[in-house]
Amino acid sequence: MVKINDNYLKLPGSYLFSTIGKKVREYSGSHPDKKIIRLGIGDVTLPLAPAIISALHSAVDEMGRAETFRGYAPDLGYDFLREAIAEHDYRARGCAIDADEIFVSDGAKCDSGNIQEIFSLDSRVAVCDPVYPVYVDSNVMAGRAGNYDSDAGTWSDVIYMPCTADNAFVPELPDETPDLIYLCFPNNPTGAAVTKARLQEWVDYACKVGAVILYDAAYEAYITEDDVPHSIYECDGAKSCAIELRSFSKNAGFTGLRLGFAVVPKGLERGGVSLHALWARRHGTKYNGAPYIVQRAGEAVYSQAGKAQLAEQIAYYRKNADYIYKGLKEAGYTVSGGVNSPYIWLKTPKGMSSWEFFDCLLEKADVVGTPGSGFGPGGEGYFRLTAFGSYENTVEAVDRIRAL
Ligand SMILES: *Cc1c(COP(=O)(O)O)cnc(C)c1O
């Protein structure tokens, strides 16, 4: 009889967003008169910008005419999009990345979950704690994480790099030597950013020990500070130790359209093998390309009109982040993030656990956030609020929290 991949059985089950949903449903069921404000889930709310909608419309029309119809897209992405990415996201920032080093995909979640499969099963994985759960769970499924300790909330074979207030939520180099290092900056969930000097230390370290950094830059559009790099390739030597993952979700509202990309430099090798060639092989075998109309929409992100409209959207969310950050700080909360990120990370007051504070906020302020402990043991005692709501709701939510 067939046997299942029993690594899946080791997964403790992701109760975070389902538990939040259940608690909110129960509360609103018993308090139908309350207006609940949701600042929990990391999803955008503004509609797609006009430049993107117009690119979608014309691409749809092209698909309806025999002369311009397109079938399968090239596995690695259309040249028009790969060129636009290389030009605007990289060369414009002084990073020598070529269009053929860019692998277009349907999002950074898939890429961050799939990328591990081109590495050996005995690779040691290092992650930040707290962490975006995909990095850990995809390695659990592959059989790389060892066993779960349900008391500690950790996996025996994973190297955890604590991100705490003491290190400003940027990890120290680990004592044990990892092979794969997942870094995400600006960070989800903490909202922390890394300076170019600090990231350079990581690049130097990875080059020295032969590790590969998987750099998730999904939130780069929210960077406001000058010393914070938008790409890891701003650091010297990163092309020989780093793969960068990007998404159109948070900068352009593509969470429902789906588009992202991975950058795998051609010179990046381990054991004499090109990782670019491996990822190309993997992509060609398991992926048939992002939709033409969505890639045209992605191209519009880099048009003059698209850039201007998206700058306004980011400014809107940034204003929310600013309001939350300042409002909670004035109210005496210990807050971080928010400056280069749509996420505000706050310390729960009076020693409350993350879930106690969740319940308190829901019941006393009718505000929904995300318990930090859902992102790993290092998130206990913290809480995440997002800037992705409407400005009016954000103001009302913060004012309610301040009145507690
Ligand atoms: C939202 C997010 C992504 C983007 O995911 P998509 O699949 O592109 O929508 C990637 N990484 C992190 C850490 C995120 O929060």
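Both ligands and their constituent atoms are indexed starting at 1 by order of listing. Throughout, numbering of the chain's residues begins at 1 and tracks the sequence.
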Looking at the rings of Phe185 and Tyr219, which for Trp means the six-membered one, are their centres under 6.0 Å apart?
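Centroid distance Phe185-Tyr219: not below 6.0 Å, so no.
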Indicate yes or no: does [X] engage [Y] in a salt bridge with an N to O separation below 4.0 Å.
X: Asp359; Y: Lys23; answer: yes
X: Lys35; Y: Glu396; answer: yes
X: Lys326; Y: Asp322; answer: yes

All side-chain contact (heavy atoms from CB on, under 4.5 Å) counterparts of Ala108, not counting sequence neighbours:
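Checked Ala108 against side-chain contact (heavy atoms from CB on, under 4.5 Å); matches are Ser247.
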Looking at Thr177 and Arg124, what are the two nearest heavy atoms and their distance?
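Thr177 and Arg124 have their closest heavy atoms at O-CB, 4.2 Å.
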Contact table, ligand 1 N/O with protein N/O, distance under 3.5 Å:
unit_1, atom_1, unit_2, atom_2, d
ligand 1, 7 (O), Ala108, N, 3.3
ligand 1, 7 (O), Lys109, N, 2.9
ligand 1, 7 (O), Arg258, NH2, 2.6
ligand 1, 8 (O), Ala108, N, 2.7
ligand 1, 8 (O), Ser247, OG, 2.7
ligand 1, 8 (O), Ser249, OG, 3.4
ligand 1, 9 (O), Ser249, OG, 2.6
ligand 1, 9 (O), Arg258, NH1, 2.9
ligand 1, 9 (O), Arg258, NH2, 3.4
ligand 1, 11 (N), Asp216, OD1, 3.4
ligand 1, 11 (N), Asp216, OD2, 2.6
ligand 1, 15 (O), Asn188, ND2, 2.8
ligand 1, 15 (O), Tyr219, OH, 2.5
ligand 1, 15 (O), Lys250, NZ, 3.4

